[in-house]
Amino acid sequence: MSQTILIVGGAGFIGSNFVHHIASQYPNYKIVVLDALTYAGNLENLEFVKDKIIFIKGNIADMNAVSSVFQEYSPQYIVNFAAETHVDRSIVGPQIFLETNVKGTQNLLEACRKMEIKRYLQVSTDEVYGDLGDHFLNDAPQYFTENTPLSPNCPYAASKASADLFVRSYFETYSLPVLITRCTNNYGPYQYPEKLIPFFLFRAMQNQSLPIYGDGKNVRDWLYVKDHCEAIDRVLHHGKIGEVYNIGGHNEKTNLQITEILLEKLGKPKSLITFVEDRLAHDRRYAMDPTKMREQLGWEPRYPFEKWIDETISWYMEHQEWVDRCAKRSEEFRKQNYDQRKEETH
Ligand code: NAD
Ligand code: DAU
């Protein structure tokens with residue numbers, strides 16, 4: 001019998017890449033996408049698969065909208081990407097993060113509880129673990145494992161950690177068949193141009209300054225989005241119910257390194273770099289230990305950074321109109337976030 005998969009938040013960056021992945025790998029699945037189409041959601045991202053999916057516009061914070069999708073399609077698999085995802089927006093206005101990320105997740109769990117589902121997968125983030133800081137313990141680098149205590153620092157991370165705890169509680173209390181994945185920073189096509197890589201590409205292509213927060217030495221662990229999608233697929237179909245899986249590729253770079261790579265590849269001068277006032281509660285370093293994914297599920301990253309950052313840059317250069325259309329939707333936020341930041345020297 002054919003399976004129905006409900007991909008929630010499937011019109012955003014990672015969600016739309018995952019819809020492409022499922023459509024190509026599981027041609028027999030019925031794919032239902034539920035997405036509110038916020039500023040970050042975009043039907044253009046699903047253009048290539050539009051004949052292979054059923055798209056429903058709906059807000060997960062609205063229980064009636066969620067219930068009607070579950071009643072109509074009775075999905076066996078549910079993957080939840082839907083979230084407010086930008087840390088800076090969570091600092092400017094945290095309320096919507098509580099509504100979408102926490103209440104929205106709990107609505108999905110409640111809908112699942114009323115149905116016979118096979119698996120619910122919550123797409124979470126390394127940010128729930130907090131900050132690894134600057135210092136290595138006894139000179140050895142530290143990594144987040146699945147047992148690292150949750151210690152979120154910004155409202156976005158707090159909302160994602162709260163959602164994870166609700167997911168866990170539905171497993172412990174109601175034996176709901178849930179899984180949680182926590183991934184590092186993704187890069188690739190269809191990322192909304194307010195996140196570091198597409199935002200700086202967008203600015204550099206127009207010879208505008210690149211505002212690096214603080215000293216630019218914060219470290220992120222960058223993974224190509226297709227690697228993330230393959231990892232989610234592996235956990236969804238083969239992961240152990242009730243468990244958490246950390247996803248990462250040991251590809252740590254400072255923000256300054258990323259910026260210099262982008263400028264060099266675009267042939268733009270380093271003089272575009274400006275250091276500006278730091279992000280509040282700016283975590284210094286994230287880095288994952290993905291041993292469990294490798295040893296238990298045989299997953300490893302397949303897309304090396306050196307090649308796929310080039311592919312990513314080419315994609316953004318070829319899709320400048322897509323980028324411009326997205327960027328227009330967040331002019332007000334850009335003013336709120338950047339206009340007051342003082343320049344600094346480092
Ligand atoms: P995104 O901001 O690009 O997309 C989010 C999607 O969710 C959009 O399509 C949006 O319309 C939809 N959405 C937002 N609020 C909704 C609501 N109330 N109801 C229904 N749909 C709603 O996000 P992304 O970067 O693709 O991240 C997807 C998921 O992966 C998030 O849960 C995020 O926390 C997690 N994650 C992201 C990264 C990353 O580097 N981008 C890394 C690890 C984990
Ligand atoms: O780690 C996973 C997380 O990665 C996801 O859970 C989030 O949804 C996703 O947005 C991302 O969060 P970050 O805060 O790490 O990503 P962002 O692209 O916003 O910033 C990356 C780094 O670059 C961070 O240290 C802040 C810095 N930065 C960002 C912007 C937008 C700047 O210095 N200047 C900027 O203008």
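All of these numbers come straight from a predicted model, not from anything done at the bench. Both counts, for ligands and for their atoms, begin at 1 and track the order of listing.
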Asker: For the residue pair L109 and Y120, establish whether any side-chain heavy-atom pair is separated by less than 4.5 Å.
Answerer: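 A side-chain contact under 4.5 Å exists here.
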
Asker: When only distance counts, is N255 in polar contact with ligand 2, meaning an N/O pair under 3.5 Å?
Answerer: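 Between N255 and ligand 2, an N or O pair is found under 3.5 Å apart.
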
Asker: Of the listed options (D126, N80, V123, I56), which comes nearest to atom 35 (C) of ligand 1 when hydrogens are ignored and any heavy atom counts?
Answerer: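 When every heavy atom of D126, N80, V123, I56 is considered, V123 comes closest to atom 35 (C) of ligand 1.
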
Asker: Compute the shortest N/O to N/O distance between E84 and ligand 1 and return yes if it is under 3.5 Å, no if not.
Answerer: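 N/O-N/O distance under 3.5 Å: no.
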
Asker: Hey, does N42 come in under 3.5 Å of ligand 1, counting only N/O atoms on both sides?
Answerer: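 Among all N and O atoms of N42, none is under 3.5 Å from an N or O of ligand 1.
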
Asker: For K195, counting its heavy atoms only, list the atoms of ligand 2 lying under 4.0 Å from any of them.
Answerer: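 Those qualifying, in numeric order: 10 (O), 18 (O).
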
Asker: Using only heavy-atom distances, determine whether the side chains of K118 and Q3 contain a donor-acceptor pair under 3.5 Å.
Answerer: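 Yes.
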
Asker: Tell me whether Y286 has any N or O atom under 3.5 angstrom from an N or O of ligand 2.
Answerer: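 Looking only at distances, the answer is no, because the N/O contact criterion of under 3.5 Å is not met.
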
Asker: May I ask you to list the atoms of ligand 2 that are less than 4.0 angstrom from any heavy atom of F199?
Answerer: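 Near F199, meaning under 4.0 Å from one of its heavy atoms, ligand 2 has 36 (O).
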
Asker: On a heavy-atom basis, I'd like to know which of T38, V8, N101 is closest to atom 10 (C) of ligand 1.
Answerer: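 Among T38, V8, N101, the closest heavy atom to atom 10 (C) of ligand 1 belongs to T38.
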
Asker: Considering only the protein, which heavy-atom contact is closest to atom 38 (C) of ligand 1, and what is its distance?
Answerer: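 The closest heavy atom on the protein side is I14 CD1, 3.6 Å.
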
Asker: Just going by heavy-atom distances, which of L37, T100, I197 is nearest to atom 16 (C) of ligand 1?
Answerer: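 It is T100 whose heavy atom sits nearest to atom 16 (C) of ligand 1.
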
Asker: Got an N/O contact under 3.5 Å between E194 and ligand 2?
Answerer: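 No, since none of the N or O atoms of E194 sits under 3.5 Å from an N or O of ligand 2.
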
Asker: Measure from atom 19 (N) of ligand 1 to every heavy atom in I60, N107, V66 and give the option owning the shortest one.
Answerer: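 Minimum heavy-atom distance to atom 19 (N) of ligand 1 goes to I60.
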
Asker: What atoms in ligand 2 come closer than 4.0 Å to a heavy atom of D126?
Answerer: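 Checking each atom against D126, I get 1 (O), 2 (C).
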
Asker: Select the closest option to atom 7 (O) of ligand 1 among A82, G58, A65, judged by heavy-atom distance.
Answerer: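 Considering heavy atoms of A82, G58, A65, the nearest to atom 7 (O) of ligand 1 sits in A82.
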
Asker: Take R182 and E127 through the test salt bridge (Lys or Arg N to Asp or Glu O under 4.0 Å) and record every step on the way to the result.
Answerer: CA-CA 8 Å; R182 297 186 179 137; E127 298 209 13; over 6 Å; no

Asker: Could you see which bit of E99 sits under 4.0 Å from ligand 1, with heavy atoms only: side chain, backbone, both or neither?
Answerer: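 None of E99 does.
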
Asker: Would you indicate which of Y156, F18, F13, Y286 comes nearest to atom 3 (O) of ligand 1 when only heavy atoms are counted?
Answerer: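 Result: the heavy atom closest to atom 3 (O) of ligand 1 is in F13.
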
Asker: Using a plain distance cutoff, I'd like to know if N185 has any nitrogen or oxygen under 3.5 Å from a nitrogen or oxygen of ligand 1.
Answerer: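 Such a contact does not occur with ligand 1.
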
Asker: Would you mind running through ligand 2 and noting each atom that sits below 4.0 Å from a heavy atom of I212?
Answerer: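 Contacts of ligand 2 toward I212, numbered from 1: 33 (O).
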
Asker: Take Y170 and E110 through the side-chain hydrogen bond (donor to acceptor under 3.5 Å, both in side chains) test and state the conclusion after the steps.
Answerer: CA-CA 9 Å; Y170 271 64; E110 204 49 30; 2.5 Å; yes

Asker: Going by heavy-atom distance to atom 20 (C) of ligand 1, choose the closest among S159, A36, S16.
Answerer: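 Among S159, A36, S16, the closest heavy atom to atom 20 (C) of ligand 1 comes from A36.
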
Asker: Going hydrophobic residue to hydrophobic residue with side-chain gaps under 4.5 angstrom, can you get from F13 over to I247?
Answerer: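 Same cluster: F13 reaches I247 through Ile, Leu, Val, Met, Phe, Trp or Tyr contacts under 4.5 Å.
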
Asker: Could an N or O of ligand 2 be found under 3.5 Å from any N or O of D88, whether backbone or side chain?
Answerer: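 No, no N or O pair falls under 3.5 Å.
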
